[in-house]
Amino acid sequence: MDRLAERCTTMAALVALMFGGFAVAATPADADDDPGDGPRYAPTMLILDASGSMQRPDPAGTMMTAAKNAVRSFVASAPAEARVGLSAYGTGTGNADAEKSAGCRDTKVLHPPTTLDRAALTRSVEGIEARGWTPMGAALRQAAEALPGSGPRSIVLVSDGEDTCAPPEPCEVARELKQQGVDLVLHTIGFAVDAAARTQLSCMAQATGGTYTDAADGRALARTLPRVSAAALRNYTATGRPVAGTPTHRGAPVIGTGQYLDTIGPKETRYYAVTVPAGATAYFSGTVSFPRVRNVASTRDLNVLETRVYGADGKDCNGFEFEQGTKASDGAALTVAQKWDGATKKHPIGLAADTCSGGGTYKFAVTWSRVSDGVPERLPIELLVGIEPGVTDPGPEAATSRTAFTASTGPETAIAGGGSFNVAAALPGSGNYVDTLAPGEFVFYRVKLDWGQGLAYRVILGGNGTHGVENVSNVRTTVYSPLRETIGSDFSSYTGTTTELSDGGKLGTPAVRYRNRTVPAEVGRSSLPGWYYIAVKVGSTSEGGTSAPVPVRLSVSVAGDHEPGPTYGTPLTSGIFEASADTPAAGARSGPAPSRPSAVMSAGPQQDSGSDGVLIGVAVAAGVAVCAAVVGGVLWRRRRRS
């Protein structure tokens with residue numbers, strides 16, 4: 001039994017503990033919806049406390065001044081595609097007893113959750129005056145009503161004290177929204193609060209699977225509000241140029257390099273055609289993200305994706321890969337990848353028309369062959385296509401060992417991981433990065449590696465003060481190649497105390513070299529420069545768990561000097577995975593293609609700033625592997641080529 005199987009076996013006793021707990025679920029995009037020009041963000045409402053107590057002094061002037069500054073900071077850094085609204089309570093009355101009746105109805109939507117309008121949001125913030133009561137329950141209901149009626153939604157509430165208007169009691173309102181099936185998560189921030197307010201705000205967040213964070217003063221709020229609000233946006237819908245695969249190889253749409261978006265149903269196969277020049281290597285992957293579903297038995301929580309390669313005439317070219325993942329109900333994503341080198345081979349003697357070798361059109365098929373319980377009839381699937389020309393000089397010899405980890409002595413940098421490969425938060429290089437994850441979250445970060453560079457990292461999950469078996473969750477980290485293939489991973493169980501994921505110091509990649517592809521096993525997948533992805537998962541706790549947020553510290557070490565890399569026979573003019581403007585997708589639905597990144601080997605994120613990595617929870621394309629079914633939340637993977 002290999003190491004993975006052994007570890008799954010030792011964790012089997014925790015099976016019953018790994019179910020339950022709620023995390024944000026993203027509603028799959030309708031097959032006819034226009035995916036738009038990039039990642040979709042969870043519409044988010046900010047609720048700002050403008051009660052009279054916010055006039056208390058703060059180093060910024062008053063607590064209200066500090067809160068306004070924090071909102072401005074978030075608005076300035078939020079992604080342009082985000083949908084952010086603003087509401088407040090306490091702005092229309094005073095806080096005298098005679099004004100309580102009116103003050104407890106004093107909640108206002110100052111700006112609806114439309115596509116980010118920085119100027120309008122800033123004007124709305126500047127017009128707030130703190131003077132009234134604290135009707136948090138009513139404000140929560142109003143903010144939820146202002147958000148769309150379906151799909152992932154988030155609320156971030158900042159308060160300096162308890163609700164003063166109950167009923168409705170705000171924690172009960174949060175529970176009601178969740179019981180109604182509202183796919184909404186509430187994150188709360190206690191601004192210089194006492195113990196009673198902290199308890200109430202924590203209850204509200206926990207009732208929806210959200211997080212509670214303390215901010216002792218204005219300076220702390222200025223750091224906290226942008227980070228928490230960024231995390232609230234981590235939901236998104238899948239991205240890509242729309243395409244409609246066919247049920248057989250005949251009539252399969254021709255797609256060029258880049259990322260595409262289709263849908264797939266249980267037991268269904270979808271075909272796509274890719275033209276591969278002689279001597280070139282084709283890359284193809286499909287990513288499906290599964291919505292979070294409650295109460296699915298571990299034995300019924302298994303999915304398998306397969307890919308096969310066929311010639312232009314439908315001949316089976318014996319290119320077969322599959323990926324298997326458990327605990328889809330925890331929101332896991334699954335990627336199956338294919339690296340096809342048939343075009344680099346010459347036709348066999350006497351078979352000049354062989355369609356499985358040499359340049360030509362190949363058909364790539366994706367099949368959702370095994371299906372877990374509770375999934376929708378169709379799910380979006382992201383398709384990634386790349387074409388790499390043949391080389392005349394492959395460059396330096398393969399690097400067969402992973403990069404050694406070197407701890408950084410620099411300060412910690414706060415960052416909000418993204419909800420998928422597409423919106424992974426960019427890490428500029430070596431350093432220590434801190435984030436906060438709620439149970440049930442999968443977040444992604446990315447590091448750009450050039451020829452000759454490699455990375456090593458470790459994840460430290462800090463204690464969160466929880467105890468007992470009901471708070472046990474499975475945690476995992478995985479590092480992926482630009483094709484979204486797993487290069488390394490580690491997992492453990494988290495019990496509320498400090499836990500390190502490092503795989504004995506082996507988490508990372510070797511130096512990126514073209515010849516690495518000749519090395520067997522996962523380290524051979526570091527053969528392309530570009531974005532390498534690090535995913536961190538904190539699994540859901542049981543029904544009785546507190547869903548307390550988990551502090552995460554990601555220490556990254558990037559080593560190696562730039563190397564020339566291989567010499568390609570055909571110059572790379574648009575990049576291996578970069579969208580091909582001259583190859584439209586046949587059979588595609590209408591809708592603009594998203595802009596592609598300029599990085600030669602990049603296919604996912606579209607910006608280099610950390611602000612693009614701000615999404616929670618995937619609806620369709622987020623990818624993280626979780627280990628064996630017996631763990632009830634751990635994905636394990638196998639690959640096989642026939």
Side-chain angles (χ1 to χ4, degrees), residues 7 10-24 157 170-171 174-175 178 185-190 193-216 224 227-228 231-232 234 292 294-295 327 329-331 412 414 416-417 434-443 458-477 490-502 536-554 616-617 624 626-627 631-634:
R7 297 181 68 181
T10 61
M11 294 178 67
L14 296 175
V15 158
L17 308 178
M18 300 304 170
F19 307 129
F22 181 85
V24 175
L157 183 148
C171 195
R175 292 192 183 103
K178 189 57 61 181
V185 165
L186 168 65
H187 302 275
T188 57
I189 299 174
V193 297
D194 59 20
R198 183 178 297 110
T199 298
Q200 185 177 65
L201 291 166
S202 297
C203 176
M204 295 166 64
Q206 291 169 6
T208 66
T211 62
Y212 169 77
T213 307
D214 267 315
T224 299
R227 178 183 59 76
V228 173
R234 282 202 281 234
R292 291 173 173 85
R294 298 181 72 109
N295 302 321
K327 199 55 175 136
S329 63
D330 208 18
E412 294 181 341
V434 292
D435 200 351
T436 300
L437 274 64
E441 279 197 314
F442 299 83
V443 296
R458 58 187 57 185
V459 176
I460 299 175
L461 300 99
N464 67 352
T466 61
H467 305 283
V469 294
E470 68 275 7
N471 286 304
V472 174
S473 64
N474 58 85
V475 292
R476 186 178 181 91
T477 184
D490 193 20
F491 71 92
S492 185
S493 57
Y494 177 77
T495 60
T497 60
T498 300
T499 303
E500 179 175 303
L501 300 176
S502 64
V536 179
K537 173 206 171 186
V538 175
S540 299
T541 58
S542 69
E543 292 283 357
T546 60
S547 295
V550 179
V552 174
R553 185 173 186 264
L554 181 64
I616 188 176
V624 66
V626 275
C627 171
V631 183
V634 182

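- For the pair Ala207 and Cys171, the tightest heavy-atom approach, listed with the atom from each and the gap, is CB-O, 4.5 Å.
- Closest non-hydrogen pair, Pro551 versus Asn464, comes out as CD-CB, 4.4 Å.
- Side-chain contact between Val552 and Val459 is present, with heavy atoms from C-beta onward closer than 4.5 Å.
- Taking CD of Glu412 as the start and CG of Leu554 as the end, the distance is 11.0 Å to the nearest 0.5 Å.
- In this structure a side-chain-to-backbone donor-acceptor pair under 3.5 Å is missing from Thr188 to Ala205.
- Applying the side-chain hydrogen bond (donor to acceptor under 3.5 Å, both in side chains) test to Thr199 and every residue at least two apart in sequence or in another chain returns nothing.
- Using a 4.5 Å heavy-atom cutoff, the side chains of Met204 and Leu157 are in contact.
- Here CG of Asp194 is found 10.0 Å from CD of Gln200. Values are rounded to the nearest 0.5 Å.
- Qualifying side-chain hydrogen bond (donor to acceptor under 3.5 Å, both in side chains) partners for Asp214, counting only residues two or more places apart in sequence or in other chains: Arg198, Tyr212.
- The nearest pair of heavy atoms linking Val538 to Ser473 is CG1-OG, 4.0 Å.
- Scanning both residues, Leu437 and Val536, for their nearest heavy atoms gives CD2-O, 3.7 Å.
- Note that the CZ atom of Arg458 and the OG1 atom of Thr477 stand 12.5 Å from one another [nearest 0.5 Å].
- With hydrogens and angles ignored, the 3.5 Å screen pairs no side-chain donor or acceptor of Asn471 with any backbone N or O of Thr466.
- With contacts defined as side-chain heavy-atom distances shorter than 4.5 Å, the pair Ser492/Glu500 does not qualify.
- Here the shortest heavy-atom pairing between Leu201 and Gly190 reads CD1-CA, 3.7 Å.
- Side-chain contact between Ile460 and Thr499 is absent, with no heavy-atom pair separated by less than 4.5 Å.
- Nearest heavy atom pair, residue Ala215 against residue Thr224, reads CB-OG1, 4.4 Å.
- Counting heavy atoms from C-beta outward, Val550 and Tyr494 have side chains that approach closer than 4.5 Å.
- When atom types are taken as modelled, the side chain of Asp490 and the backbone of Leu501 share no donor-acceptor pair closer than 3.5 angstrom.
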